[in-house]
Amino acid sequence: MQSSAEETAEAAQSVDEGRRFAGRMFLPRVAGLALGAVCIGGGLWEQGASPWVWALMLLNTLGWPHLAHWLAMRSKNPYRTELGNLTLDSTFGGIWIAVMHFNLAPSVILVAMLAMDKAAVGGPKFLARCLFAQVAAATAMALLFRIEPQVLQSGIVARLAAAPLLICYPIMVGLTAYRLARRVRQQNRELAALSSTDGLTRLPNHTAWLEAVEREFDRARREGHPSAVLMLDLDHFKAINDTHGHPAGDEVLRGVAEVLREALRLHDMPGRYGGEEFGVLLPGSDAAAAEAIAERIRKKIEWASFAGAVRVTASIGCAALEPDDAHPGAWVARADRALYRAKAAGRNRAMQDLLKTA
Ligand code: GH3
Ligand code: MG
Ligand code: MG
């Protein structure tokens with residue numbers, strides 16, 4: 001069950017989204033209907049339409065976009081109102097096709113252009129609904145006013161007047177689709193970055209760090225260069241939370257992440273393994289180099305103060321990649337074993353995996 005506060009928030013969000021949707025439709029409708037006025041004007045010219053028909057057409061094509069926008073913006077459900085407006089666009093199109101006596105060139109182009117934007121905005125079902133409304137409106141008008149179809153009488157005026165709509169409107173719809181696709185690509189990139197970053201420390205998260213270890217495992221094997229991983233766990237961190245509070249604990253975690261970023265070379269990769277545990281991937285480092293880096297990190301953490309004056313130490317396990325490591329998990333597990341040896345030996349120290357020191 002949703003609480004009424006949640007429902008209200010959701011409704012407010014969908015009203016906002018609906019308004020944005022209606023806002024996006026406004027300029028294309030203004031421009032599309034202005035081009036439509038020229039297109040329909042060609043048909044009316046060839047029919048010798050009366051001034052009041054011209055006046056109605058201009059009212060529809062130049063006035064309706066503003067009324068449609070106003071209706072959507074003040075609606076309780078702007079999205080649904082805007083879909084109704086779009087259906088009305090097609091309905092009006094149907095009416096003008098009948099008024100032009102189904103004059104082939106402008107009629108076909110009106111049908112095509114009105115169908116293209118409906119398909120782009122609402123998909124096949126919405127397109128079918130709008131086409132139905134259009135055919136129904138054209139048929140009703142023809143029957144009501146006994147309009148004789150004169151399909152094959154498109155003269156040069158009607159054909160020329162339809163050209164601007166035919167040329168410009170697809171370009172407008174195409175550019176809108178391009179902008180949308182570009183925004184989706186950008187958002188996908190941002191989502192991918194977010195989903196691989198730890199929110200607290202801004203380091204790569206567990207999954208992203210392990211993926212980097214897997215890639216490095218394959219690369220080091222293929223190219224034969226040395227490589228190492230460190231597993232780092234803060235000592236008695238529970239006591240820090242208990243003494244200084246969890247916000248201070250969070251601050252310490254952020255600070256340690258900063259120490260890691262500063263202490264490492266560009267191609268080294270620290271990550272938050274989970275809780276108060278960090279992993280560090282050291283491409284190109286052999287066992288001795290990894291131990292030296294681990295010792296440097298350990299000292300920097302020991303000497304730093306976090307969240308004011310909170311002091312913390314870290315235990316670190318090092319494992320250089322060995323030919324015996326069957327898979328990346330086995331490599332990380334050796335660093336983990338070394339870490340627990342460092343803990344058992346009294347904490348605040350860096351130790352190699354036993355396999356290596358044996
Ligand atoms: P040891 O020296 O054996 O590692 O002791 P420890 O207290 O560090 O180890 P333990 O695993 O008992 O406690 C880890 C603590 O880390 C407990 C947990 O509340 C804390 N912790 C884990 N994630 C976070 C976090 O995101 N923020 C804060 N403030 N604390 C966290
Ligand atoms: Mg700990
Ligand atoms: Mg731990």
Side-chain angles (χ1 to χ4, degrees), residues 191-214 216 228-264 268-282 290-320 325 327-357:
L191 273 178
L194 265 181
S195 70
S196 60
T197 305
D198 169 56
L200 180 69
T201 60
R202 314 307 302 163
L203 288 177
N205 62 18
H206 183 92
T207 310
W209 187 74
L210 279 181
E211 280 170 3
V213 170
E214 278 168 25
E216 172 58 15
V229 290
L230 310 180
M231 291 299 290
L232 181 156
D233 186 289
L234 299 181
D235 298 327
H236 302 304
F237 193 66
K238 196 175 170 317
I240 289 179
N241 275 331
D242 292 345
T243 314
H244 303 279
H246 275 82
D250 287 350
E251 195 53 44
V252 173
L253 291 174
R254 270 194 289 266
V256 169
E258 202 47 48
V259 168
L260 290 177
R261 270 191 284 262
E262 279 171 11
L264 294 168
D268 298 332
M269 183 174 171
R272 186 172 182 204
Y273 197 76
E276 25 72 271
E277 254 180 74
F278 297 84
V280 182
L281 177 62
L282 301 168
E291 194 163 357
I293 294 169
E295 189 54 26
R296 194 169 75 221
I297 291 170
R298 188 196 66 74
K299 280 189 186 139
K300 276 182 183 273
I301 293 174
E302 187 181 19
W303 293 340
S305 341
F306 305 96
V310 182
R311 307 295 294 265
V312 70
T313 60
S315 301
I316 306 176
C318 321
D325 291 323
H327 51 85
W331 183 21
V332 173
R334 283 198 301 107
D336 222 25
R337 267 207 310 271
L339 165 63
Y340 282 93
R341 282 183 53 238
K343 289 273 182 194
R347 294 178 169 78
N348 189 23
R349 66 197 63 212
M351 289 188 96
Q352 290 281 357
D353 177 49
L354 267 181
L355 267 185
K356 183 63 207 160
T357 49

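Quick note: residue numbers are just sequence positions, from 1. We count ligands from 1, going down the list as the structure has it; atoms in each ligand are counted the same way.
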Taking a cutoff of less than 4.0 Å between a non-hydrogen atom of the residue and any ligand atom, is R272 in contact with ligand 1? yes
In terms of ring plane angle, is the pair Y273 and W209 parallel, tilted or perpendicular, where the classes change at 30° and 60°? perpendicular
Quick one: which ligand 1 atoms are inside 4.0 Å of a heavy atom on [X]?
{"X": "D235", "result": "2 (O)"}
{"X": "L234", "result": "2 (O), 4 (O), 8 (O)"}
{"X": "G249", "result": "29 (N)"}
{"X": "D233", "result": "4 (O)"}

Carboxylate-amine/guanidinium proximity below 4.0 Å for [X] and [Y]:
{"X": "D250", "Y": "R254", "answer": "no"}
{"X": "K299", "Y": "E302", "answer": "no"}
{"X": "R341", "Y": "D353", "answer": "no"}

If you round to the nearest 0.5 Å, how far is [atom2] of [Y] from [atom1] of [X]?
{"X": "R298", "Y": "T313", "atom1": "CZ", "atom2": "OG1", "value": "8.5 Å"}
{"X": "R311", "Y": "I301", "atom1": "CZ", "atom2": "CD1", "value": "12.0 Å"}
{"X": "K343", "Y": "N348", "atom1": "NZ", "atom2": "CG", "value": "10.0 Å"}

Identify, for [atom], the protein heavy atom at the shortest distance, and state residue, atom and that distance.
{"atom": "atom 12 (O) of ligand 1", "answer": "K238 CD, 4.1 Å"}
{"atom": "atom 11 (O) of ligand 1", "answer": "E276 OE1, 4.6 Å"}
{"atom": "atom 3 (O) of ligand 1", "answer": "R347 NH2, 2.9 Å"}
{"atom": "atom 1 (P) of ligand 1", "answer": "K343 NZ, 3.4 Å"}
{"atom": "atom 5 (O) of ligand 1", "answer": "H236 N, 3.5 Å"}
{"atom": "atom 23 (N) of ligand 1", "answer": "G275 CA, 3.3 Å"}
{"atom": "atom 28 (C) of ligand 1", "answer": "D250 OD1, 3.2 Å"}
{"atom": "atom 30 (N) of ligand 1", "answer": "N241 ND2, 2.8 Å"}

Audit row: E216, W331, side chain to side chain contact (heavy atoms under 4.5 Å, CB included) steps and yes/no: CA-CA 11 Å; E216 172 58 15; W331 183 21; 4.2 Å; yes
Backbone or side-chain N or O of L253 under 3.5 Å from ligand 1 N or O: no
Does A239, backbone or side chain, put an N or O under 3.5 Å from an N or O of ligand 1? no
Under the side-chain contact (heavy atoms from CB on, under 4.5 Å) test against I316, which residue among I297, I293, L339 passes? I297
Does T243 reach the main-chain N or O of I240 with its side chain, forming a donor-acceptor pair under 3.5 Å? no
For A320, does its backbone N or O pair with a side-chain atom of R334 as donor and acceptor, under 3.5 Å? yes
Show all protein N/O/S atoms under 2.8 Å from the Mg ion (ligand 3), or state that there are none. D233 OD2, E276 OE1
What do the steps show when you test D268 against L260 for side chain to side chain contact (heavy atoms under 4.5 Å, CB included), and what is the final call? CA-CA 10 Å; D268 298 332; L260 290 177; over 6 Å; no
Min side-chain heavy-atom separation M231-V332 under 4.5 Å: yes
